[in-house]
Amino acid sequence: MNLTLPAWPPDWPEIRSAAAQCVASGDWGRYASKTVAQTTKRIAEFTGAGSVRMCCSGSAAVELGLRAAGVGPGDEVITAALDYPGNVRAIELLGGRPVLVDLADQSPCIDADGVEKAGSDSVKAVIASHLFGVPADIVRLKSICDDRGWVLIEDACQVAGMTIDGRSAGTIGHVGVWSLGGSKLLSCGSGGVIFANDDRTAARLAPVMDRPSDAFGISPLAAAVLHPQLDRLAEMNTRRSQTAVELRDQVFPHLAGVTWYSGQRDESAFYKVAFTVGSDQERLRVIDAAEAMGLPLGAGFRSLARTSPRRCRKPVSLDRSEMLGQRLVVLDHRALMIDPERRDELAAAIRSLLQ
Ligand SMILES: *Cc1c(COP(=O)(O)O)cnc(C)c1O
């Protein structure tokens, strides 16, 4: 089996010419870069967001969101026990205390019931990530946070271009973030976007970022190579979603002990698709066998369910996070971009791996 997959980051002529143009104009070396302004405007148009700032990484964007929320020593931030590990790091770096809650039923994303139960007088913010193309219960989380005066940080790092009830992921929480890192759906090596979705958040973000040069800014060259990717983001997301739907329909209904987590919806933005296998040993076997076949398959995030209670408050059961921490397998979006005519081959390869 030899599955030749598209290269990522993409090698498109438009990317080369965008970079060359940025160099030729001298914009690559300026503070007040027109390229950054244009790409920022393009992201605002694409998402319908009111306030958009580009920054140096998704991780920085999460940290900036926490700072805009006023998180400091002694404050608590609720987050899922299984998520991008840098988010808990960001809470801790600001002196905050993570409060871990479980994942929602049949989902890799944070459980809104758990968030409600985890409240305390010290909670300042909640971080909720949309993971593996599955949207978190973000509208309900927003209303929970609004009722309690908490700031909701919507981590849309994996799902640039996904919509939820017609709204772009990242524009629903008080703060939203995208990653533009080297493997993400929009890649420039290192970069991020922060959406300040209300005036208060925007006002609190400005003094953190503007000093008066942009303390967390993105390079004009990085902004330049994103422009052609934004032009094709919707088309690429559709292509990835179609592969995800085919895998869902062709592979997973036929296998016992394997649960498919991504693609309950037909249209999403898939950075990775996720499923669970029967045990952690089975996961090791599957990942090794996939590597031998050239399939970009890996383990999902590590669970923090067993982290010391000195480090995190853990007010609810974290059983689902613990289970997914052992059994989650994720398939990279390069596989989802496979030529549509070869989707059957991809499905057959994954089926043979899991049987
Ligand atoms: C990638 C990612 C981040 C961090 O983004 P970087 O640009 O790599 O710093 C944060 N959260 C989630 C869910 C991610 O997938």
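Whatever order the structure lists ligands and atoms in, that order sets their numbers, starting from 1. No experiment lies behind these values; they were computed from the predicted model shown.
- Considering only non-hydrogen atoms, atom 6 (P) of ligand 1 lies nearest to Ser179 out of Ser179, Pro85, Gly192.
- For atom 13 (C) of ligand 1, the nearest protein heavy atom (residue, atom name, distance) is Asp155 OD2, 3.4 Å.
- The closest side-chain heavy-atom distance from Glu246 to Leu346 is not below 4.5 Å.
- Side chains of Leu353 and Met293 form a contact here, defined as non-hydrogen atoms less than 4.5 Å apart.
- Considering both main-chain and side-chain atoms, Gln158 comes within under 3.5 Å of ligand 1 through a nitrogen or oxygen pair.
- Near Leu131, meaning under 4.0 Å from any of its heavy atoms, are these atoms of ligand 1: 13 (C).
- When heavy-atom distances to ligand 1 are checked against a 4.0 Å cut-off, Ser59 comes that close through both its backbone and its side chain.
- Note on Asp113 versus Lys117: no salt bridge recorded, every NZ/NE/NH1/NH2 to OD/OE distance being 4.0 Å or above.
- For the atom pair OG of Ser262 and CZ of Phe275, the computed distance is 9.5 Å after rounding to the nearest 0.5 Å.
- Of the protein's non-hydrogen atoms, Lys184 NZ, 1.4 Å is the one closest to atom 1 (C) of ligand 1.
- Not a single heavy atom of Val177 sits under 4.0 Å from any atom of ligand 1.
- Taking only nitrogen or oxygen atoms, main chain and side chain alike, Gly58 reaches within less than 3.5 Å of ligand 1.
- Residue-ligand proximity, Gly191 to ligand 1, at heavy-atom distances under 4.0 Å covers atoms 7 (O).
- Salt-bridge check for Asp210 with Arg53: passed, with a basic side-chain N closer than 4.0 Å to an acidic carboxylate O.
- Leu304 has its side chain out of reach of Thr79: every pair of non-hydrogen atoms, C-beta onward, lies at least 4.5 Å apart.
- Residue-ligand proximity, Cys157 to ligand 1, at heavy-atom distances under 4.0 Å covers atoms 2 (C), 3 (C), 10 (C), 11 (N), 12 (C), 14 (C).
- What you find for Ser183 and Tyr271 is that their closest heavy atoms are OG-OH, 2.7 Å.
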